Each structure stands twice: as C-alpha cells, then as structure tokens.
Amino acid sequence: MAPPKAQNIDEYISNAPEALRERLFQLHDCIVAVAPAAEQGIKWRMPAYTTKRILVTWAAFKRHIGFYPTPSVVAAFANELKPYKTAEGSVQFPHGQELPLDLISKMTRLRVKECEEEDAKWKV
C-alpha cells in the first residue's frame, strides 16, 4: 500500500487511504507528545523522528502499521508486545485493533532515553 512518495509526515498521512488517516494521526501525535523536540521527516519512504539518532519510524501497510523502534526497544518490551507480530526491530499493529498508544509512548520514551544517555545507534 505504498502511497506516493511524500515530502513530510503530513503529506504521507494525507496520501494514505482515508480510512487509515485518523489512526496515523493518532500514532504521529503520540510520538510527538513524547519527543516534541524530535525532527520530523521521511526516511526510507517512512515517517521518521530524529534527535541525535533516528528514534522511531513507521509505515502504513494494507493490514497493519509497521512500527520500527530498534531491536533493543522491541526486546525491552517483549512481554507487552506478545499480542502483536514482532521481528527483531519491528512491531505490527493490525488495523482491526485499537492502537496501544500507551505502549507506543513507552517505547518511544525508551528510544529518547537511549539516544540521550547512550547515544544508541539505529542498528544495534
């Protein structure tokens, strides 16, 4: 479901199917609330939030939102992520389920902390 190449996050969301836009704005707002100073942009054709390093990225797909907070964050929240399909550095949030915004906030907060305290690189 790759929308046309976007120049910024608002354009990315606007290019997404109308039925997904509210979800995508919720996710975006959740991340910005935790990391208001993060630079917002597009990396690898996905919305990305960056401080010293990339904090998180995400992308809309046909059946889910892919959320990419790095392997260390996925490992740290492994128990809370059991209801979702995960890979080493990613999580899939199905469209038919409510977004776990509290969990997304916690994961983003950990990424901010990693970058501030450890200067954690994107690929761990």
Side-chain angles (χ1 to χ4, degrees):
M1 169 194 323
K5 189 172 182 180
Q7 300 301 309
N8 58 55
I9 295 173
D10 285 336
E11 191 174 302
Y12 182 97
I13 295 171
S14 295
N15 289 342
E18 188 174 347
L20 298 181
R21 291 180 194 155
E22 183 177 341
R23 279 176 77 71
L24 302 180
F25 275 121
Q26 287 175 346
L27 177 60
H28 171 67
D29 291 345
C30 175
I31 294 166
V32 170
V34 173
E39 181 180 321
Q40 300 174 30
I42 301 292
K43 305 243 188 244
W44 309 293
R45 296 185 70 151
M46 296 185 289
Y49 306 79
T50 308
T51 56
K52 290 193 277 185
R53 304 271 186 196
I54 295 172
L55 298 173
V56 298
T57 64
W58 56 266
F61 295 97
K62 185 175 183 179
R63 293 185 175 91
H64 69 275
I65 294 173
F67 183 65
Y68 308 94
T70 70
S72 61
V73 173
V74 172
F77 289 93
N79 285 334
E80 292 177 74
L81 291 170
K82 283 183 180 178
Y84 306 100
K85 184 174 180 181
T86 61
E88 184 181 5
S90 65
V91 182
Q92 291 183 8
F93 299 120
H95 291 315
Q97 298 176 11
E98 208 171 297
L99 283 172
L101 297 174
D102 187 51
L103 178 56
I104 293 167
S105 293
K106 290 182 205 175
M107 290 191 294
T108 304
R109 195 170 292 113
L110 177 57
R111 273 301 292 149
V112 170
K113 183 179 177 185
E114 284 180 342
C115 288
E116 288 175 352
E117 294 180 2
E118 304 165 20
D119 195 26
K121 294 183 180 179
W122 177 246
K123 294 200 178 204
V124 178

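Being a predicted model, the structure only gives us computed values, none of them experimental.
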Are Phe67 and Val73 packed together at the side-chain level, in the sense that at least one heavy-atom pair is separated by less than 4.5 angstrom?
no
Is the closest side-chain heavy-atom distance between Glu11 and Ile42 below 4.5 Å?
no
Stepwise, does the side chain to side chain contact (heavy atoms under 4.5 Å, CB included) test hold for Ile104 with Val91?
CA-CA 10 Å; Ile104 293 167; Val91 182; over 6 Å; no
Shortest non-hydrogen separation from Ser90 to Val74 and the atoms involved
N-CG2, 3.7 Å
Just by distance, do the side chain of Arg111 and the backbone of Ile54 share a donor-acceptor pair under 3.5 Å?
yes
For Cys30 and Ser105 the tightest heavy-atom approach is SG-OG, 3.1 Å
More than 12 heavy atoms from other groups under 6.0 Å of CD on Glu80:
yes
Hydrophobic cluster membership, Met46 vs Val34, 4.5 Å side-chain cutoff
no
Distance from Arg45 atom CZ to Thr57 atom OG1, nearest 0.5 Å?
14.5 Å
From CA spacing to verdict: side chain to side chain contact (heavy atoms under 4.5 Å, CB included), Ile31, Gln40:
CA-CA 10 Å; Ile31 294 166; Gln40 300 174 30; over 6 Å; no
Has the side chain of Tyr12 got a donor or acceptor atom that lies under 3.5 Å from a matching backbone atom of Leu24?
no
For Ile9 and Gly41, which heavy atoms make the closest approach, and how far apart are they?
CG1-O, 3.7 Å
Measure across Lys52 and Cys115 and return the closest heavy-atom pair with its distance rounded to 0.1 Å.
CE-O, 3.2 Å
Result block: side-chain N/O donor-acceptor pairs under 3.5 angstrom for residues 16-23, not counting sequence neighbours:
unit_1	atom_1	unit_2	atom_2	d
Arg21	NE	Ser14	O	3.4
Arg21	NE	Ala16	O	2.9
Arg21	NH2	Ser14	O	3.1
Arg21	NH2	Ala16	O	3.1
Arg23	NE	His95	ND1	3.4
Arg23	NH1	Gln97	O	2.8
Arg23	NH2	Pro94	O	3.0
Arg23	NH2	Gln97	O	3.4

State the CD-CD1 distance between Gln92 and Ile65, to the nearest 0.5 angstrom.
11.0 Å
Which word best sums up how the rings of Tyr84 and Phe93 line up, parallel for under 30°, tilted for 30 to 60°, or perpendicular for over 60°?
perpendicular
Go through the steps to decide whether Thr108 and Tyr49 satisfy the test side chain to side chain contact (heavy atoms under 4.5 Å, CB included), and finish with yes or no.
CA-CA 10 Å; Thr108 304; Tyr49 306 79; over 6 Å; no
Ala59 and Tyr68 have their tightest heavy-atom pair at N-CE1, 4.2 Å
Grab the two heavy atoms, one from Phe77 and one from Met107, that are nearest each other, plus how far apart they are.
CD1-CG, 3.5 Å
Parallel, tilted or perpendicular: which describes the rings of His28 and Phe25, with under 30° parallel and over 60° perpendicular?
perpendicular
